[in-house]
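A short worksheet on the structure shown next.
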Amino acid sequence: MDWFLLVPVFVIGVFLFIIWNSISPIHFIQQLCGDRQKRKDQWRAQQEALIKEEEETLKALKK
């Protein structure tokens with residue numbers, strides 16, 4: 001009979017655990033950091049491409 005009380009508690013606990021993981025502030029912060037890192041990598045790639053293009057332009061002008 002005692003396990004009849006544990007089943008709803010277990011079900012509610014699992015439900016709350018799933019909800020907490022989906023709205024967890026830690027998950028949100030990790031997502032923001034990941035987005036920031038992606039933007040930083042894209043910016044670096046753009047800067048490298050710009051520097052390479054400027055170097056090629058300078059080489060073409062010197063010839």
Side-chain angles (χ1 to χ4, degrees):
M1 288 277 253
D2 292 337
W3 63 273
F4 283 124
L5 296 175
L6 293 177
V7 171
V9 170
F10 179 74
V11 170
I12 292 171
V14 169
F15 176 74
L16 290 175
F17 180 75
I18 292 170
I19 295 298
W20 172 251
N21 282 339
S22 67
I23 61 171
S24 171
I26 295 171
H27 175 71
F28 180 71
I29 291 170
Q30 288 174 341
Q31 184 178 4
L32 286 179
C33 290
D35 292 344
R36 182 181 295 161
Q37 186 65 35
K38 288 178 187 175
R39 286 195 309 268
K40 190 184 289 185
D41 292 341
Q42 288 174 348
W43 182 80
R44 285 183 181 155
Q46 287 177 344
Q47 293 299 318
E48 290 173 1
L50 183 63
I51 290 171
K52 185 177 178 181
E53 183 180 335
E54 288 178 354
E55 288 175 352
E56 290 173 359
T57 305
L58 286 174
K59 285 180 183 178
L61 288 174
K62 287 183 180 179
K63 289 183 179 179

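Position 1 is the first residue of the sequence, and the numbers go up from there. Computed from a predicted model, the values in this text were never measured in an experiment.
- The only member of I19, V11, I12 that meets side-chain contact (heavy atoms from CB on, under 4.5 Å) when paired with F15 is I19.
- Residue pairs meeting the side chain to side chain donor-acceptor pair (under 3.5 Å) criterion with at least one partner in residues 39-59, sequence neighbours excluded, are Q37-D41.
- Under the 4.5 Å side-chain contact rule for hydrophobic residues, I18 and F10 share a cluster.
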